[in-house]
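Accompanying notes for the structure given below.
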Amino acid sequence: FRGIPNKAYCQNFSGPSCVQSSNGPHTFAISTLLANQPDIDTFIITLGDNHFSNPRAIRRELPQLAVPILETGRTCIWVTPTVGAGRFADKSAIIQATLDGLVDVETRLGTTCELVDSYNVGEDVLATKTDRQNMLRAVRRDSMGLHPQGRMATWWGEQVFDAIFD
């Protein structure tokens with residue numbers, strides 16, 4: 001995947017219809033991102049629970065990202081946040097709202113994003129209780145208590161890609 005282009009910033013950030021750039025504090029309209037990246041056929045979306053912390057808002061706003069992608073005939077993969085011990089730790093409600101939002105999208109369009117669960121033990125990414133304990137230790141080193149640090153961040157990314165390609 002190529003990086004997000006440096007042009008076409010959103011005029012007003014009003015939710016997840018704008019995507020943060022990996023190379024600075026800019027946001028892009030999802031429609032502009034899609035138009036500027038015609039050769040990308042699959043988008044991987046992963047938002048932490050610090051971005052989507054209100055379950056009602058998740059269900060309402062998730063389609064703002066998924067629907068434009070799917071309406072172009074492309075696919076998307078939604079990766080849940082990982083284990084975190086920070087202030088946004090009610091991940092079960094976040095994951096349920098994500099599932100509900102993806103069902104809403106499927107009801108509307110007849111298709112939805114594939115879900116990769118990187119929170120629950122025994123699911124796509126965290127396969128054992130040891131995985132979960134290691135992830136919790138790695139997350140506690142983050143000042144917000146949310147993001148895996150060090151080698152566990154790399155491990156998490158590798159596990160997500162393995163789940164995507166399985």
Side-chain angles (χ1 to χ4, degrees), residues 1 10 13-20 22 27 29-31 33-34 42-149 152-166:
F1 299 109
C10 292
F13 182 76
S14 60
S17 60
C18 296
V19 179
Q20 182 151 352
S22 60
T27 53
I30 189 71
S31 59
L33 177 65
L34 293 167
T42 301
F43 287 82
I44 300 170
I45 303 166
T46 182
L47 298 175
D49 47 357
N50 53 335
H51 297 108
F52 266 2
S53 59
N54 177 331
R56 280 178 283 189
I58 293 168
R59 187 170 185 178
R60 182 181 64 246
E61 295 173 0
L62 179 149
Q64 293 179 34
L65 286 170
V67 168
I69 294 168
L70 295 167
E71 285 181 334
T72 66
R74 301 179 213 187
T75 59
C76 55
I77 299 167
W78 199 282
V79 181
T80 64
T82 191
V83 173
R87 58 188 168 160
F88 307 109
D90 187 4
K91 292 228 171 85
S92 59
I94 291 166
I95 290 169
Q96 186 58 54
T98 300
L99 291 169
D100 293 342
L102 292 173
V103 167
D104 292 345
V105 170
E106 186 168 25
T107 299
R108 178 174 167 186
L109 298 179
T111 189
T112 195
C113 300
E114 178 183 336
L115 182 68
V116 171
D117 185 350
S118 76
Y119 175 70
N120 291 305
V121 172
E123 296 294 329
D124 299 318
V125 172
L126 299 178
T128 69
K129 289 186 181 193
T130 301
D131 291 343
R132 186 179 179 99
Q133 291 168 343
N134 288 337
M135 186 61 73
L136 277 169
R137 278 193 288 278
V139 166
R140 285 187 187 117
R141 286 181 279 184
D142 174 40
S143 61
M144 292 180 69
L146 296 170
H147 309 101
Q149 302 295 301
M152 285 305 290
T154 302
W155 178 86
W156 177 82
E158 291 167 353
Q159 296 298 105
V160 167
F161 276 112
D162 287 349
I164 289 169
F165 292 110
D166 276 348

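Position 1 is the first residue of the sequence; numbering continues from there. Bear in mind the structure is a predicted one, so any value in this text is a computation, not a measurement.
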Residue list, side chain to side chain contact (heavy atoms under 4.5 Å, CB included) with Asp117, at least two apart or on another chain
Thr80, Ile95, Tyr119, Asn120, Glu123, Asp124
If the condition is side-chain hydrogen bond (donor to acceptor under 3.5 Å, both in side chains), which residues does Arg108 pass it with, not counting sequence neighbours?
none
Euclidean distance, Ile44 CD1 relative to Glu114 CD, rounded to 0.5 Å:
9.5 Å
The criterion is side-chain hydrogen bond (donor to acceptor under 3.5 Å, both in side chains); which residues satisfy it with Thr75, sequence neighbours excluded?
Thr42
Asp100 meets the salt bridge (Lys or Arg N to Asp or Glu O under 4.0 Å) criterion, sequence neighbours left out, with Arg59
Could you grab the distance from atom CG of Leu115 to atom CD1 of Ile45, nearest 0.5 Å is fine?
11.0 Å
With Thr72 via side chain to side chain contact (heavy atoms under 4.5 Å, CB included) - residues at least two apart
Leu34, Arg74
Keeping the roles fixed (side chain from Thr112, backbone from Val105), state whether a donor-acceptor pair exists under 3.5 Å.
no
Residue pairs involving residues 153-162 (criterion side-chain hydrogen bond (donor to acceptor under 3.5 Å, both in side chains); sequence neighbours excluded):
Ser118-Trp156
Just verifying a value: how many Å separate Gln149 CD and Met135 CE, rounded to the nearest 0.5 Å?
10.5 Å
Got a second to check how far Leu62's CG is from Cys113's SG, nearest 0.5 Å?
6.5 Å
Would a distance-only check, ignoring hydrogens and angles, find a side-chain to backbone donor-acceptor pair under 3.5 Å from Asn134 to Asp131?
no
